[in-house]
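In what follows, chains are A, B, ... by sequence order, proteins preceding strands, each numbered from 1.
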Amino acid sequence: MKRVTLLVLLIAFVCAAGMLFASGAPTAEKEAKPAAVKEDVIKIGVLMNLTGPWASIDGPAWNSVQLAVKDINDAGGILGKKVDAICIDTKADEAETVSAAVRLCETENVNAVIGYCDTHWVLTAAPIVREYGIPFITPGATHPRIPERSGAWLACFSDAAQASIVAEYAYKEKGLRTVSVWIDNACDFSVACCAFFEDAFKHFGGKVVYEDYFETDWTDYSALVTRLKSRQNETDFVYVGAIPGNIGIIVKQIREGGITMPIYSEDGADTPLLAEVAGRHAEGVIITSHMTLESKEPNVVKYIKGYNAMHGKNPENAFAALGYDATMLVAEAIKKIGSAEPKKISAGLSLIKELKGVTGTISYPAGMQVPNKTVALLESKGGKFLLIKNAAPVYMPPKEIAK
Amino acid sequence: MLKVDGIDVHYGVIPAVRELSLSVDKGQVATLVGANGAGKTTTLKAIMGTLPAKRGTIRYKGEEITGVPADRRVGMGIALVPEGRQIFSRLTVGENLALGAYHRKDKEAIKKDREWIYTLFPVLRERINQLAGTLSGGEQQMLALGRGLMSHPELLMLDEPSLGLAPIVVVDIYEVIKEINRSGITVLLVEQNINMAMKISSYAYIMETGKIRTEGAPNEVMKRENIMKAYLGE
Amino acid sequence: MFDIRATFSKVDRRLMAVILIAVLFLCLWVASTAFSKYIVFIITLIGVYIVASASLNLTNGYTGLFSLGHAGFMAVGAYTSALLTFPVKGREIFVIPKLPMFLGGPEAAWPFLPALVMGGVFAAILAAVVGLPVLRLRGHYLSVASLGLMVLVTALAMNLRNLTRGSIGINSIPTYTNIWWAYGCAVVTVYVVWRVVNSSFGRAMKAIREDEIAARVQGINPLKYKLLAFTIGAFFAGIAGGLYAHISGAIRPYAFSFNLTFQIVIMVVLGGQGTISGPIVGTVLVTVLRYVLKPLEEALGVYGLVELIYALLLIITMLRKPEGIMGRKSGGPRGGRWVGSLGGKKS
Amino acid sequence: MIVLTPEYIIQQIFNGIVFGAMYALLALGMTVIYGILRLIHFAHGALITVGSFCFYLLFMVLGLPFPAAIVLVIGLGALMGLILDMVAYKKAVGGPEVSMLITSLGFYIFIENLMKLIVSPQPYAFQSPPFLDTIYSMPVLTFRTIDIFIIATSIAIMVFFTLFVKKTKMGVAMRATSESGEAARMVGINIGRVISISFIIASAIAAITGFMWGAKYGQIAYNMGFMAGVKAFVAIVIGGVGSIPGAMLGGFILGILETFSVAFLPPGYAAYRDGIVFFILILILIVKPSGILGQREVE
């Protein structure tokens with residue numbers, strides 16, 4: 001009767017697990033704090049894919065949330081209350097995402113949720129959080145249609161803005177007329193950003209020669225490089241919709257394939273990996289981003305120092321800084337409205353004007369959940385990203401372009 | 001030379017041999033006969049060590065070898081020519097023979113054995129570079145025998161060497177078995193072809209459903225068997 | 001000792017099954033009222049995965065086809081049902097195509113059940129069409145071909161952007177799947193699998209698994225039975241996909257890729273292939289384990305700990321009990337640990 | 001629109017061969033293990049991750065000279081193989097094939113997540129020694145020394161390995177064991193040793209492939225081995241499970257197919273690459289149900 005024994009053991013295991021849940025997990029943490037004290041804590045729930053393909057983006061954002069929480073608490077908390085953050089790793093899985101969102105709202109009693117640097121996951125989690133009237137702020141998901149689809153707030157500018165800036169710069173200031181676009185087909189952000197870029201570039205008068213596609217997990221781009229080389233006579237420059245995980249490899253392979261045309265990219269390319277992986281080949285790559293780590297602004301310097309002290313390394317990419325600002329947005333909203341009541345935080349967010357964040361000055365125009373922010377145009381030089389200029393877009397591609 | 005005492009052997013989860021005892025004397029040709037599924041092959045595998053004996057002991061030249069792994073038993077002088085030959089069909093004839101002497105280091109003696117095998121089976125010399133899988137059934141049996149002999153055994157176990165072969169080839173193979181025995185190698189033979197086997201052996205065991213039913217000199221066993229058949233109508 | 005199985009066989013098995021189901025639903029009712037939404041969600045999710053693993057068991061466990069393409073069929077079911085049920089007023093914002101006339105016209109959105117069934121039917125049609133050439137393959141060759149089918153489905157989902165919105169996936173799918181839908185489907189799936197394997201049809205399938213040539217000699221047409229098993233399995237995979245789409249509310253092409261396929265295969269093999277209870281036990285274990293360990297992971301700040309422990313337990317279980325937790329050692333040399341593949345396997 | 005100039009075609013063929021060479025090396029190790037254990041060794045992919053990070057540590061962090069680092073990487077890879085063999089597979093051998101497959105999947109998940117905890121999920125920049133990083137730009141072909149290194153090394157490994165299994169006693173024993181483990185034991189082959197040696201060789205090859213991967217692409221990450229493992233599995237099946245030349249051929253076919261499905265179709269189809277590749281693979285299997293060089297399986 002081995003099978004029956006096993007079955008009994010199994011049922012016992014499941015029951016035990018159920019009890020553990022029912023008593024409210026994580027038990028240890030909760031029981032340590034009496035209920036009365038809990039009221040004095042502002043709890044921020046964080047949803048990130050710390051495991052899986054997005055780990056290299058979401059991890060730094062979570063690191064920065066931790067730093068922001070520490071900085072806020074060191075400064076005495078918000079409205080006299082301490083801030084606490086709990087992060088659930090959703091492992092790039094939809095079911096995990098939904099269950100984690102439910103858990104944050106149901107059993108963790110969070111006041112606000114910060115989550116994800118990629119659109120799909122925001123759109124998965126945010127509608128659930130919205131049902132509880134809890135605000136959802138995404139540090140780095142740049143799709144402009146996120147608010148209408150899920151009610152989430154963006155801490156970053158939208159893809160439409162950054163694509164317009166880079167298109168204008170290439171066409172007007174560099175005199176580039178024809179472009180080939182490399183789209184990461186497996187990455188929704190890249191697809192959207194490239195669509196905005198093409199629209200903006202055409203708006204300014206440029207011409208898209210051809211589109212080529214790759215997927216995030218590729219490592220060999222030689223076939224695409226060879227194709228680009230065979231058409232370099234008709235192409236002035238290439239726009240690559242890459243994320244931190246592959247921008248370095250792509251730039252390296254383009255240059256090693258003997259192609260010298262300018263390479264442009266977006267905020268996904270804002271990572272030290274570009275210079276580290278591509279080395280000398282990274283020289284002159286132009287990208288748009290949220291900030292530059294070379295900035296001498298005191299708050300940026302302080303942020304980098306703090307990050308280094310806490311995690312033993314410099315911020316990995318732009319999404320790290322956005323994680324910090326997203327947390328600061330929550331804090332500011334609570335301060336503005338004078339309450340940590342979840343439903344009121346949303347109202348507080350809409351009051352935010354001219355908040356000086358690490359990634360620039362943030363204000364939400366009336367009725368908008370995408371902030372007005374300047375876009376930083378950067379150039380990779382000597383292993384660093386140097387600021388060309390901060391600019392606001394003159395032309396905004398219609399957000400309907402992106403699916 | 002070989003003494004098996006009360007072994008139980010399982011094949012997968014099925015018990016195939018129960019409390020089996022037998023012994024083979026030096027220089028003998030002993031035969032183990034029985035119907036399909038009686039457990040003959042399992043017995044040989046247990047002696048070889050490719051199947052473990054769950055109970056009982058196996059002694060070889062006075063030494064207990066029950067727990068010794070198969071590959072070390074080869075070095076002690078036990079060889080098995082398995083049922084269905086099991087030559088390495090994707091290897092050449094030469095490689096098959098060389099593998100027979102896998103554990104041996106004495107180059108000169110290996111060469112001598114190889115020459116001896118070529119005189120026993122001249123056809124193998126002709127086919128030395130051919131893939132073993134392309135040989136005819138009879139040639140494959142010769143190769144299997146040759147591979148077994150290459151390990152320089154003192155006890156050679158043959159599992160149904162006549163299986164699936166033309167009668168004329170069977171006669172040849174049996175001539176060789178006799179020849180091998182004459183050169184001083186003890187032989188334990190498993191056969192369904194009782195008549196052939198009884199002719200060359202000096203002792204016989206009859207197996208039935210995992211047990212020894214009867215044993216003795218071949219003539220007597222045959223006689224008893226005939227009586228039993230008459231009685232039981234088998 | 002009290003022998004449960006002996007008692008089982010005395011009582012009418014059908015009655016027993018009815019009682020079991022009644023008890024199950026009673027437990028579910030208690031759970032759905034007593035526990036928080038979070039736990040209810042996990043219980044529901046387990047039900048969805050049971051539909052997937054029980055149906056995979058039909059092909060992998062009972063018919064001996066080691067298919068790795070299950071996630072592909074789930075994708076078909078998920079996309080079909082999601083597109084059919086998507087509310088009309090949301091289609092504008094989410095850029096989801098309106099339904100063509102023969103599916104009800106632009107002003108229509110399907111109710112859940114017909115959409116779910118439609119997803120299953122589409123998956124089954126795909127399985128039948130692809131199965132005809134592919135099921136002639138055996139062993140690993142079939143595994144790779146079915147894996148290829150899954151990659152093809154993913155590639156299509158990624159690129160037919162006007163239909164599927166590509167890599168961004170479809171979000172805000174109405175979350176119809178609740179505990180009753182999930183376990184209703186699970187009970188139907190397990191019942192169908194049970195009926196199939198205990199019919200003459202199932203005996204033919206098992207004969208093919210044990211020895212295809214011998215089965216053919218007995219007049220069984222292996223392709224026919226393989227195709228039927230594959231198609232039924234795919235149908236329920238489509239249902240599982242539909243349930244998944246409507247519980248998570250969001251799908252994307254990569255959700256139905258290597259991870260999901262391997263996860264479901266692991267559930268089936270861990271529980272024990274070719275048994276009714278195996279996939280259920282495997283599914284419950286794997287899912288519960290993940291969620292039980294999560295708070296530990298967060299408390300220690302070691303993200304990835306769940307996977308480490310999970311992998312470790314998986315390895316240990318497979319080494320100790322290679323036939324799976326509920327699996328029975330098969331007789332004969334092939335299932336035996338000692339001889340097994342190192343033994344007389346000829347290839 | 002595609003411009004089919006001779007240079008374009010030559011360059012694309014070259015791209016495919018370099019890419020395929022690495023798949024071929026991985027598939028080689030995997031097929032050896034499969035032949036002997038009937039085990040689809042998914043964790044093989046994890047060994048290229050381990051190999052590349054070992055080289056990173058030895059060469060870039062500790063600053064060892066290149067030859068020493070390479071030798072150590074090969075040694076560590078071999079050691080990893082031995083450890084895997086000892087802790088796990090010795091016990092798994094002989095179980096049903098699926099449970100061995102799940103075991104190896106379990107090992108993959110374990111190693112990947114352990115790597116993630118050790119090195120963090122961030123990708124690492126991988127600097128190859130300068131002499132492997134020189135670009136040669138010719139009218140017909142643009143390549144780097146690493147490309148030549150990859151082709152030369154993989155051909156050398158394949159030749160050596162073929163000679164090893166053909167000419168040495170251990171190699172012949174390996175082939176014999178892969179045909180029938182039981183018969184191999186009957187002729188006195190110590191199967192445990194054969195298995196260990198296959199693991200050592202296969203893992204050493206995987207480790208050096210990890211170095212090549214890093215040197216060619218310049219970036220390594222904790223999860224780089226998964227797709228490589230899956231692709232190696234696909235390659236050995238296409239070539240014919242258990243066949244050593246088949247695995248190498250399968251690897252090259254896969255690499256070339258991946259390149260060609262991008263190169264010789266209009267740009268928009270690049271997004272379908274994996275779909276196209278697998279579609280062609282299914283077609284190959286339908287025409288040759290036992291892989292290109294595989295024997296028909298007899299049940």
Exercise. Could you tell me whether the side chains of A/H143 and A/S158 share a donor-acceptor contact shorter than 3.5 Å?
Key: no

Quiz item: Are the side chain of C/T33 and the backbone N or O of C/W29 linked by a donor-acceptor pair below 3.5 Å?
Solution: yes

Quiz item: What are the residues of residues 91-98 of chain C, in order of number, with any heavy atom under 4.5 angstrom from a heavy atom of chain A?
Solution: C/E92, C/I93, C/F94, C/V95

Quiz item: Salt bridge between A/E106 and A/R103, side-chain N to carboxylate O under 4.0 Å?
Solution: no

Exercise. State whether the side chain of A/H311 and the backbone N or O of A/Y307 hold a donor-acceptor pair below 3.5 Å, judged by distance alone.
Key: no

Self-check item: Among A/P127, A/C105, A/C187, A/A186, residue most engaged with chain C (heavy-atom pairs, under 4.5 Å)
Solution: A/A186

Quiz item: What part of A/T119 lies closer than 4.5 angstrom to a heavy atom of chain C: side chain, backbone, both or neither?
Solution: side chain

Quiz item: Is there a donor in the side chain of A/E108 and an acceptor in the side chain of C/Y38, or the other way round, less than 3.5 Å apart?
Solution: no

Quiz item: Quick one: what part of C/L260 sits under 4.5 Å from any heavy atom of chain A, side chain, backbone, both or neither?
Solution: neither

Quiz item: Is there a side-chain contact between C/M150 and C/F258, using heavy atoms and a 4.5 Å cut-off?
Solution: yes

Quiz item: Under 3.5 Å, side chain of A/N49 to main-chain N/O of A/A92, donor-acceptor pair present?
Solution: yes

Quiz prompt | Side chain, backbone, both or neither of A/D217 within contact of chain C (heavy atoms, under 4.5 Å) | solution = side chain

Quiz prompt | Flag, side chain of A/S64 to backbone of A/G323, donor-acceptor distance under 3.5 Å | solution = no

Quiz item: Atom OH of C/Y303 and atom CD of C/E298: how far apart are they, to the nearest 0.5 Å?
Solution: 5.5 Å

Quiz item: For the side chain of A/T138 and the backbone of A/Y116, is there at least one donor-acceptor N/O pair under 3.5 Å apart?
Solution: yes

Quiz item: Is there a donor-acceptor pair closer than 3.5 Å between any side-chain N or O of A/S150 and the backbone N or O of A/P147?
Solution: no

Quiz item: Non-hydrogen atoms of chain C under 4.5 Å away: do they reach the side chain of A/R149, the backbone, both or neither?
Solution: both

Quiz item: Is the shortest side-chain N to carboxylate O distance from C/E297 to C/R290 below 4.0 Å?
Solution: no

Quiz prompt | Engaged part of A/T90 at the chain C interface, taking heavy atoms whose separation is under 4.5 Å | solution = backbone

Quiz item: Relative to chain C, which segment of A/C87 carries a heavy atom at a distance below 4.5 Å: side chain, backbone, both, or neither?
Solution: both

Quiz item: Just checking heavy atoms, which of residues 166-179 of chain C are less than 4.5 Å from chain A?
Solution: C/S167, C/I168, C/G169, C/N171, C/S172

Quiz item: Is a salt bridge present between A/D93 and A/K91, judged by a nitrogen-to-oxygen distance below 4.0 Å?
Solution: no

Quiz item: Who wins among A/T124, A/V191, A/N185, A/L50 for the most heavy-atom pairs under 4.5 Å with chain C?
Solution: A/N185

Quiz item: Can you check whether C/I46 reaches C/Y183 side chain to side chain, under 4.5 Å on heavy atoms?
Solution: yes

Quiz item: C/R165, C/K37, C/R252: which one forms the most heavy-atom pairs within less than 4.5 Å of chain A?
Solution: C/R252

Quiz item: Under 3.5 Å, is there a donor-acceptor pair between the C/S36 and A/T107 side chains?
Solution: no

Exercise. Determine the option with the most heavy-atom pairs under 4.5 angstrom with chain C, choosing from A/E215, A/E148, A/E96, A/E400.
Key: A/E96

Quiz item: Contact part of A/F189 toward chain C, heavy-atom cut-off under 4.5 Å: side chain, backbone, both or neither?
Solution: neither

